[in-house]
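Working notes, structure below.
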Amino acid sequence: LGTWNYVLVGAPVDASGTEKAFEPATGRVIATFTCLGEKEVSLDVENAKAAFKIWSKKCGRERCQILLEAARIIKERKDEIATVETINNGKSIFEARLDVDTCWQCLEYYAGLAASMAGEHIQLPEGSFGYTRREPLGVCVGIGAWNYPFQTACWKSAPALACGNAMIFKPSPFTPVSALLLAEIYTQAGMPPGLFNVVQGGAATGQFLCQHQDVAKVSFTGSVPTGMKIMEMSAKGIKPVTLELGGKSPLIIFSDCNMENAVKRALMANFLMQGQVCCNGTRVFVQKEIIDKFTKEVRVLGFVKLAKEQGASVLCGGDLYVPEDPKLKEGYYMTPCILTNCRDDMTCVREEIFGPVMSILSFDTEAEVLERANDTTFGLAAGVFTRDIQRAHRVAAELQAGTCYINNYNVSPVELPFGGYKKSGFGRENGRVTIEYYLQLKTVCVEMGNVESVF
Ligand SMILES: NC(=O)c1ccc[n+]([C@@H]2O[C@H](COP(=O)([O-])OP(=O)(O)OC[C@H]3O[C@@H](n4cnc5c(N)ncnc54)[C@H](O)[C@@H]3O)[C@@H](O)[C@H]2O)c1
Ligand SMILES: O=CCc1c[nH]c2ccc(O)cc12
């Protein structure tokens, strides 16, 4: 499954009251499920409210223990979770296992923070004082895309639950399966029933969730057009929202770079997860002096090695691919594609493709490439390869993106905040800062003396 010289792309979903989930490798239907309507969504919210009452009363250390136990179970069931993810999503088992690692790490990280959340004490005149309490929001909703199903469920639920909230999670109807494993694991770890609920369905179910008056916050991962709708619905309910949206990120390769590293990471920046990663560096700006060498290397490293290993012919990609294995004939495949001689105005350079397509663009100067790299409505990520450390930081400071990589690309340690500038969204996932998006601050003002009336 999922070797990267013939990668898997999405599968169709029907528009009735039920949805089918596919195995993209073979095209076979692996599950049929009912999309939940307004009544079922309301019932889930009621259950989550009941669970919230219990969970929010626990101290941080108690929540920490349960999250750590869930992390332990994820580690123990890593292969099972990764296999389910590979079957339903189509990613390679190697990548699915890496995803699962970041999931238990995420739970461990927020378990650690849960125990240390605290407010402030503020001294006022005459012995009076104030203090702040950092309180959970209530029932939060998480809505996910199909490219990182289990990881998205973990990245959203771990900080939400660590802060004392309940979460209802709606996975993408393309990839409904693995979030159910997470719900099972949380229950096994000792969370109250209903604290983490999985709701299945598509756009209509998502709308019921976002519009529900007892939902306190929505955290969404998906496309810009859907993000706009989510924000509109949240605005009507005055609900805070986190939006992790699409991108068309630049990767700048200066002529003084370490060529081998730059080529390796340019491949990772484009062909990881079949090219279906929101922060992929799909606009690869290469300085003129090295563009011929880079183009040659990127082909040699990527295609020839794998082609030799797998006995396939060397392709430059972009074609539909039908594997010889009869079991895979109905699957969804295309060959990874590298486009050279690209211009900034081309559609492949301007729009998010969300598939295995790298566009290579030539540039002369730092000032020029910065202007061109920033000339996009997106701002999710960016990267720079250079041996000049001053230039690296200068360029990172000028790039309009939520995450900037220096001499690397497409790594997401849970300790580092992740999120977008411009139309790529706002709010953050991962890192310490994310707890701010799942807490509200209460100020308590305490008078120690007598009070006067001005009337
Ligand atoms: N920034 C990030 O962190 C990040 C991560 C992964 C994917 N993405 C982006 O996601 C997109 C691909 O994912 P997709 O095709 O699943 O996105 P999508 O926007 O089509 O769907 C995402 C989720 O929203 C739900 N949805 C659709 N319409 C809705 C509505 N009106 N109300 C409520 N929910 C609704 C879907 O059922 C699904 O669960 C790409 O643009 C990619 O860049 C971004
Ligand atoms: O696809 C983009 C980046 C990413 C990878 N895994 C996750 C999980 C949740 C997100 O909101 C974004 C991402």
Side-chain angles (χ1 to χ4, degrees), residues 9-13 15 19 35-36 41 85 89 91 95-96 98-100 102-103 106 141-159 168-176 178-179 198-212 215 218-234 241-249 269 272-282 351-355 378-381 401-403 409-414 416-430 434 437:
V9 289
V13 163
E19 297 273 13
C35 302
L36 294 196
V41 163
E85 200 78 321
N89 165 279
K91 65 177 68 192
E95 286 190 41
L98 291 180
D99 289 1
V100 178
T102 74
C103 292
C106 180
V141 159
I143 298 180
W146 46 266
N147 57 346
Y148 285 90
F150 192 76
Q151 200 183 60
T152 304
C154 288
W155 284 12
K156 291 192 188 303
S157 61
I168 301 180
F169 185 77
K170 192 195 83 59
S172 163
F174 287 106
T175 50
S178 59
V198 177
V199 159
Q200 302 289 5
T205 310
Q207 281 171 16
F208 293 135
L209 284 168
C210 296
Q211 288 166 345
H212 198 289
V215 164
V218 181
S219 174
F220 171 76
T221 297
S223 64
V224 173
T226 310
M228 285 164 76
K229 291 181 194 156
I230 302 269
M231 194 161 162
E232 253 177 52
M233 288 186 278
S234 303
V241 60
T242 294
L243 297 177
E244 297 284 355
L245 309 179
K248 188 76 196 179
S249 302
L272 189 74
M273 233 309 276
Q274 299 91 252
Q276 294 157 326
V277 186
C278 54
C279 48
N280 267 358
T282 46
E351 291 182 13
E352 186 183 38
I353 297 172
F354 221 56
F378 295 111
L380 193 55
T403 299
Y409 207 92
N410 261 356
V411 287
S412 306
V414 295
L416 296 186
F418 179 85
Y421 278 17
K422 302 199 267 187
K423 284 197 175 159
S424 292
F426 56 74
R428 291 292 177 266
E429 278 178 340
N430 289 341
T434 296
Y437 297 103

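When reading the values below, keep in mind they use all heavy atoms of this one structure, side chains included, and skip hydrogens, waters and symmetry mates. Just so you know, ligand 1 is whichever comes first in the structure, and atom 1 is the first atom listed for that ligand.
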Test item: Glu352 side-chain N/O and Gly247 main-chain N/O as donor-acceptor pair under 3.5 Å: yes
Gln276-ligand 2 polar pair, N/O distance under 3.5 Å: no
Part of Thr221 within contact of ligand 1 (heavy atoms, under 4.0 Å): both
Ligand-residue contact atoms, ligand 1 with Pro171, heavy atoms, under 4.0 Å: 39 (O)
Lys170 to Phe220, cation-pi by 6.0 Å centre distance and 45° axis angle: no
Leu380 and ligand 1 - part of the residue with a heavy-atom distance under 4.0 Å: side chain
Min N/O separation Tyr148 to ligand 2 under 3.5 Å: no
For Ser219, the option from Ile230, Val141, Thr242 that meets side chain to side chain contact (heavy atoms under 4.5 Å, CB included): Thr242
Ligand 1 contact on Glu352 by region, counting heavy-atom pairs under 4.0 Å: side chain
Ligand 1 N/O within reach of Asn147 N/O, cut-off under 3.5 Å: no
Ligand 1 versus Pro173: contacting region, heavy-atom distance under 4.0 Å: side chain
Side-chain heavy atoms of Tyr437 within contact of Arg428, under 4.5 Å: yes
Residue portion contacting ligand 1 (non-hydrogen atoms closer than 4.0 Å) for Val277: neither
Modelled atom types, side-chain donor and acceptor of Glu85 and Ser178, under 3.5 Å: yes
Which segment of Ile230 sits under 4.0 Å of ligand 1 when only heavy atoms are counted: side chain
Which of the ligand 2 atoms, numbered from 1, are nearer than 4.0 Å to a heavy atom of Val277: 1 (O), 2 (C)
Subset of ligand 2 atoms that lie under 4.0 Å from at least one heavy atom of Glu244: 11 (O)
Ligand 1 versus Phe354: contacting region, heavy-atom distance under 4.0 Å: side chain
Geometric N/O contact Gln151 with ligand 2, under 3.5 angstrom: yes
For Asn147, the ligand 2 atoms whose distance to one of its heavy atoms is below 4.0 Å: 1 (O)
Min N/O separation Val224 to ligand 1 under 3.5 Å: no
Glu95 side chain vs Met273 backbone, donor-acceptor pair below 3.5 Å: yes
Under 4.0 Å to a heavy atom of Phe418 - the qualifying atoms of ligand 2, by number: 3 (C)
Ring-ring centroid check Phe354 Trp146, cutoff 6.0 Å: yes
Per-atom contacts, ligand 2 versus Thr221 - under 4.0 Å to a heavy atom: 10 (C), 11 (O)
Backbone N/O of Phe418 and side chain of Asn430: donor-acceptor pair under 3.5 Å: no
Location of contacts on Phe220 toward ligand 1, heavy atoms closer than 4.0 Å: side chain
Gln200 and Thr205 side chains, donor-acceptor separation under 3.5 Å: no
Atoms in ligand 1 with a heavy atom of Gln207 nearer than 4.0 Å: 31 (N), 32 (N), 33 (C)
Sub-4.0 Å heavy-atom contact, Phe418 with ligand 1: yes
Carboxylate-amine/guanidinium contact Glu429 Lys156, below 4.0 Å: yes
Contact check, Gly202 vs ligand 1, heavy-atom distance below 4.0 Å: yes
Thr282 backbone acceptor or donor facing Asn280 side chain under 3.5 Å: no
